[in-house]
Amino acid sequence: MQFKNNREFTRDLDQSDPLNKFRSQFLIPKHDGKEVIYLCGNSLGLQPKSVKTFLDQQLHNWENLAVEGWFEGETPWLYYHKEMQELMAPMVGALPAEVIPMNSLSVNLHLMMVSFYQPKGKRVKILMEASAFPSDQYIVESQLRFRGYDPATDIIEVHPQKGEHTLQTADIVSVINQHADEIALILFGGINFLSGQFFDLEAITIAGHAAGAIVGFDLAHAAGNVPLQLHNWNADFACWCTYKYLNSSPGGISGVFIHENHFSDPNLKRFAGWWGFQESSRFKMTKGFVPQNGAEGWQLSCSPILLMATHKASLVMFKEAGGMDAVREKSILLTSFLEFMIIEINEAYGEELFKIITPSNFNNRGAQLSLIAKKNGKETFDALVKRRIIGDWREPNAIRLSPAPLYNTFEEIFELGIQLKGIIKQLKHC
Ligand SMILES: *Cc1c(COP(=O)(O)O)cnc(C)c1O
């Protein structure tokens, strides 16, 4: 599409946007009585208005049924996760039995590593992207130490080429091939939190499997942002948080995917809890753990119903919007428009005031653009907040902006452009 830098153009786009009715279904924060332009869905998604209804329903059940709520009511808590599985599966391209909501992301990564990091002989190393999210780094380091290995030698990081901020798929595959007989596990992000790069997860899985490694993904920035095909790609496992693009509430419940190929593997170790026990005989409370078939068999504790309810509210909304394909269609346009506005600004000032380090090919990114500010980065960011534009800041000079297709508009991005120009003038960048 040929974009134009004018308000009328963006209003027309918003009017013809098939998802435009969803914005009014969210609670938009206000500064000084005016709605902010919220471009921080990569960190914490906004609250769907329907969350209150979904929560109220469960508070009502708790009030009126108490313990009987596990078995009674229109959504007995014992089976609540099964409805979640149906809603979650299409979001990541999985079978319902392959996904489960439980715990939080870092906890689930540890649990998955218990099952899927199985070092043996020379094959002990873990391959990940350089500058992975800190929690992922700490998880891998501590898992290695726990098993008696050395993070300094047993983590293989794939680095960008000199002067680049993103990884080439060919380089990732080449590092995998180079260490083919040493890699036990590949644990890669879906979308890097800093650069916004969406990795070729299918290519990584194919290369990893060819090398004889297990391949798992942290989809914190990918779930609810880009379409995924975990089942067809043959990923072994994946975990994601749901409070970023999936708007499930701060610290909301995490999602886990385990490929059905692993369901009946008797050699797979796992940390077990009663909620993962075979459902038909769970309450006989017998000795000796027998897992429920499927991802359900990895559950430890009884379901946190209130967290599931807030997540369900947002999943129902994604379904009503037509699922990830519909959301992605708008997302590509919206983020491309943001890119257009930033490039316009750079061109207007005749220098690259904001270098976009996120890939320019929309197939290699999600909703987020990461900008490196040439001058006055923090001052620019603070001035944006003063002007009611909420992005997020990473030291030393990165501003991340993530338009979320269910609640952001094209006109908001146009307004961001105007405000940014005002700030450049105010801070005397040039
Ligand atoms: C946001 C994020 C996390 C956060 O983990 P929590 O356990 O939910 O706090 C972990 N990994 C990545 C890649 C993230 O982007």
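Computed from heavy atoms alone, side chains included, the values below leave out hydrogens, waters and symmetry copies. In each ligand, atom 1 is the first atom listed, and ligand 1 is the first ligand listed.
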Here the atoms of ligand 1 under 4.0 Å from any heavy atom belonging to S106 are 5 (O), 6 (P), 7 (O)

Residue pairs meeting ring pair (Phe, Tyr, Trp, His ring centres under 6.0 Å), one or both in residues 122-178, sequence neighbours left out, come to F133-F193

For Q197, the side chain to side chain donor-acceptor pair (under 3.5 Å) test, sequence neighbours excluded, returns none

For H221, the atoms of ligand 1 under 4.0 Å from one of its heavy atoms are 15 (O)

request  = For the pair K386 and E379, evaluate salt bridge (Lys or Arg N to Asp or Glu O under 4.0 Å) and give the outcome as yes or no after the intermediate values.
outcome  = CA-CA 10 Å; K386 274 218 182 85; E379 290 81 359; over 6 Å; no

Filtering F133, W240, F193 for the heavy atom nearest atom 12 (C) of ligand 1 leaves F133

task: Could you tell me whether E35 and K30 have a side-chain N and a carboxylate O separated by less than 4.0 Å?
output: no

Logged contact type for L105 with ligand 1, heavy-atom cut-off 4.0 Å, is both

Within-cut-off N or O pair, S104 and ligand 1, under 3.5 Å
no

Heavy-atom proximity to atom 11 (N) of ligand 1 ranks first, among L219, I191, D136, for D136

Under 4.0 Å from one or more heavy atoms of Y243, ligand 1 contributes atoms 1 (C), 4 (C), 5 (O), 6 (P), 8 (O), 9 (O)

A220 heavy atoms within 4.0 Å reach ligand 1 at atoms 2 (C), 12 (C), 13 (C), 14 (C), 15 (O)

Are the charged groups of E344 and K421 less than 4.0 angstrom apart, N to O?
no

ask   = Any salt bridge between E320 and K21, counting N to O under 4.0 Å?
value = no

Could you walk me through whether N103 and N108 pass the side chain to side chain donor-acceptor pair (under 3.5 Å) test, one step at a time?
CA-CA 7 Å; N103 312 315; N108 285 333; 2.9 Å; yes

Next item on the list: Report yes if some N/O of K244 lies less than 3.5 Å from some N/O of ligand 1; otherwise report no.
Entry: yes

